[in-house]
**Student:** 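Dumping the structure here so I can ask a few things about it.
Each ligand, and each atom within it, is numbered from 1 in the order the structure gives.
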Amino acid sequence: MRNVIVKYLFYGSIIFGIWAVLLFSCCHHRNINFSDSEFLHGMSRYGFNVVVSRRLGKRRDVPDSRNTMCLKKQYPKYLPTASVIICFRNEEFNALFRVISSVMDLTPHYILEEIILVDDKSDFDDLKEKLDYHLEVFRGHIKFIRTKKREGLIRAKMIGAALASGDVLVFLDSHCEVNRGWIKPLLFAISKDPTMVVFPVVDNIDHLTLEYIPIPVMRGAFDWTLQFKWDIVFSYEQEGPEGPTTPIRSPSMPGGIFAIHKHYFNEIGQYDNGMYHWGGENLELSLRIWMCGGQLFIIPCSRVGHISRMYFTDHFLMVKSMIYNNLRLVHVWLDEYKEVYFAQNPGVKSVRYGNVSERVELRKRLGCKSFQWYLENVFPELETAVDNA
Ligand SMILES: *[C@@H]1O[C@H](CO)[C@@H](O)[C@H](O)[C@H]1NC(C)=O
Ligand SMILES: *[C@@H]1O[C@H](CO)[C@@H](O)[C@H](O)[C@H]1NC(C)=O
Ligand SMILES: [Mn+2]
């Protein structure tokens with residue numbers, strides 16, 4: 001275990017190194033004062049440029065990044081209603097507020113059942129009375145709960161889901177901004193098939209400039225270390241009558257931003273509540289969806305920007321929980337491919353992962369298919385990676 005953590009911390013320190021290099025390569029960012037203490041302090045606290053975030057404030061416009069064909073699409077007026085769930089811990093005040101105001105501004109109110117905020121025991125003072133005070137303008141649209149003890153992101157999401165009264169749960173990260181027309185394409189896909197789980201194209205919001213940068217459509221994948229990554233979309237997938245607006249099958253999802261029918265979320269077993277804090281839950285849910293009869297799609301006409309933070313505070317805790325959570329996933333879902341995982345990650349073979357018998361039971365109860373089936377039918381590119389390994 002120790003070796004593994006050291007390995008991950010090593011990668012963490014590479015990231016930190018890159019960050020340090022960035023700090024001194026000031027020439028590309030003439031507007032950033034890299035020796036400003038507000039900037040440095042904010043960077044280490046939040047992982048992005050807090051000076052710019054404060055300047056942008058509680059609301060801004062972002063460029064419409066959709067393909068122009070999306071603008072011509074018609075959706076039914078009546079769609080399932082949405083409960084937007086935003087979980088956070090020690091988020092930067094303005095970044096958090098921009099998520100909420102972008103949802104309020106760009107979601108038709110007859111579709112938006114509510115916004116559910118779950119504060120997972122934040123420490124920062126500006127997330128207390130000051131936040132309550134500023135949220136008053138959205139009175140009647142927001143349910144706000146603060147956990148009594150630190151629950152971790154995974155359980156915080158389940159707490160939010162349990163409060164939802166809309167038809168569809170839409171999870172959003174606490175440092176993103178939704179774009180124009182973002183919600184209807186998601187809800188429309190789910191209205192046609194409630195076992196569809198969908199997510200938008202996640203545009204990049206630069207962590208130094210907070211500039212909104214559109215990205216090409218990519219699908220969610222992962223490698224044998226069970227790290228999420230983006231992967232190319234095969235061009236033939238966008239050659240049908242719907243062209244670049246066609247929903248794309250995705251082997252996995254990044255996890256912070258997606259929509260799922262509330263009943264389906266409950267039916268397939270929500271999240272593994274034995275998992276800690278953060279990490280692995282997105283992949284576990286992705287496998288569970290595909291292997292147990294559902295489908296996971298990326299919806300190109302829905303766009304949400306996300307600040308890719310430079311590094312996490314609590315790095316040690318995060319790495320530890322990610323390894324623990326991944327092992328739970330491996331022991332429940334990977335069948336004989338467990339051995340492939342351990343061959344690639346020998347250091348974690350004897351690490352404890354708690355009791356997964358309830359999740360194994362769930363898999364039986366849902367009558368899920370094998371991991372082999374998943375590899376053959378959903379993500380053949382991963383198996384090829386074994387042959388080459
Ligand atoms: C950058 O910030 C430091 C510390 O606040 C200040 O002394 C310096 O004058 C600033 N530089 C510029 C170019 O604004
Ligand atoms: C694991 O949990 C199940 C029920 O959730 C329980 O019946 C079983 O005894 C537990 N196994 C161990 C080794 O604690
Ligand atoms: Mn994030």
Side-chain angles (χ1 to χ4, degrees), residues 15 23-55 84-92 94-96 98-100 102-103 118 120 122 152-154 156-157 170-178 199-208 210 212-213 215 220 227-230 253-258 269-270 272-275 277-283 303-315 318 321-322 327-328 331-332 352-365:
I15 291 173
L23 285 185
F24 295 105
S25 65
C26 50
C27 316
H28 294 295
H29 293 98
R30 261 181 237 141
N31 296 324
I32 300 169
N33 184 345
F34 287 90
S35 52
D36 178 23
S37 66
E38 188 188 2
F39 169 80
L40 290 171
H41 182 238
M43 206 67 195
S44 67
R45 208 175 214 204
Y46 304 112
F48 58 85
N49 189 341
V50 72
V51 178
V52 178
S53 187
R54 286 179 184 145
R55 195 186 310 140
V84 173
I85 302 171
I86 303 163
C87 302
F88 64 94
R89 176 180 159 74
N90 293 345
E91 186 55 88
E92 197 270 322
N94 294 283
L96 174 65
R98 283 195 299 275
V99 190
I100 301 164
S102 70
V103 171
V118 183
D120 191 16
S122 292
L153 184 58
I154 296 168
K157 281 177 161 181
V170 184
F171 292 97
L172 288 182
D173 245 14
S174 55
H175 38 262
C176 62
E177 284 161 73
V178 305
F199 61 103
V201 177
V202 182
D203 286 326
N204 185 33
I205 298 177
D206 185 86
H207 66 280
L208 284 178
L210 298 193
Y212 191 102
I213 304 162
I215 60 145
Q227 295 276 354
F228 175 84
K229 58 175 193 176
W230 294 106
M253 63 175 160
I257 306 174
F258 70 99
Q270 302 186 350
D272 175 356
N273 67 8
M275 286 188 174
H277 298 293
W278 175 91
E281 87 290 350
N282 56 326
L283 198 50
R303 297 240 170 197
V304 173
H306 170 255
I307 305 177
S308 38
R309 292 183 294 176
M310 206 51 203
Y311 75 95
F312 295 103
T313 51
D314 296 342
H315 192 65
M318 292 306 179
S321 73
M322 196 163 85
L327 283 172
R328 290 181 69 85
H331 285 281
V332 176
R352 290 165 45 164
Y353 54 91
N355 182 345
V356 293
S357 62
E358 267 181 40
R359 302 308 284 183
V360 172
E361 206 47 52
L362 171 76
R363 180 172 168 182
K364 274 198 211 116
R365 192 168 71 240

**Student:** Is the closest N or O pair between Ser37 and ligand 1 shorter than 3.5 Å?
**Tutor:** no
**Student:** Identify the protein heavy atom lying closest to atom 4 (C) of ligand 1, giving its residue, its atom name and the separation to 0.1 Å.
**Tutor:**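 Checking every protein heavy atom, the shortest distance to atom 4 (C) of ligand 1 gives Ser35 O, 3.9 Å.
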**Student:** Name whichever N, O or S atom of Asp173 ends up nearest to the Mn ion (ligand 3).
**Tutor:** OD2
**Student:** Do me a favour and list the nearest non-hydrogen protein atom to atom 13 (C) of ligand 1 with residue, atom name and distance?
**Tutor:**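 Nearest neighbour among protein heavy atoms for atom 13 (C) of ligand 1, to 0.1 Å: Asn33 ND2, 4.4 Å.
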**Student:** What distance do Leu96 atom CG and Ile86 atom CD1 have between them, rounded to the nearest 0.5 Å?
**Tutor:**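 Output value for this atom pair is 7.0 Å.
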**Student:** Of the protein's non-hydrogen atoms, which lies at the shortest distance from atom 14 (O) of ligand 2, and what is that distance?
**Tutor:** Asn355 ND2, 3.5 Å
**Student:** Within ligand 2, which atoms have a heavy atom of Ser357 less than 4.0 Å away?
**Tutor:** 1 (C), 2 (O), 3 (C), 4 (C), 5 (O)
**Student:** If only atom types and distance count, is the side chain of Asn204 paired as donor or acceptor with the main-chain N or O of Ile213 below 3.5 Å?
**Tutor:** no
**Student:** Identify the heavy atoms of Ile205 and Tyr212 that sit nearest to each other, and give their distance.
**Tutor:** CG1-CD1, 4.0 Å
**Student:** Note the single closest protein heavy atom to atom 5 (O) of ligand 2, along with its residue, its atom name and the distance in Å.
**Tutor:**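 Closest protein heavy atom to atom 5 (O) of ligand 2: Glu358 OE2, 3.4 Å.
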**Student:** Over all heavy atoms of both residues, which pair between Glu92 and Ser53 is shortest? Give the atoms and the distance, please.
**Tutor:** OE1-OG, 2.6 Å
**Student:** Would you mind reporting whether Trp230 and Pro254 have side-chain heavy atoms less than 4.5 Å apart?
**Tutor:** yes
**Student:** Look only at the side chain of Arg303 and the backbone of Ile215, and say whether a donor-acceptor pair between them is shorter than 3.5 Å.
**Tutor:**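 Pair found, side chain donor or acceptor close to backbone of Ile215.
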**Student:** Can His175 and Glu91 be counted as having a side-chain donor-acceptor contact under 3.5 angstrom?
**Tutor:** yes
**Student:** Any N/O/S of Cys176 under 2.8 Å from the Mn ion (ligand 3)?
**Tutor:**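 Short answer: no, not a single N, O or S atom is under the cut-off.
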**Student:** Quick check on atom 11 (N) of ligand 2 - does any protein heavy atom sit closer than 4.0 Å to it?
**Tutor:**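 Yes; the ligand atom in question has protein heavy-atom contact below 4.0 Å.
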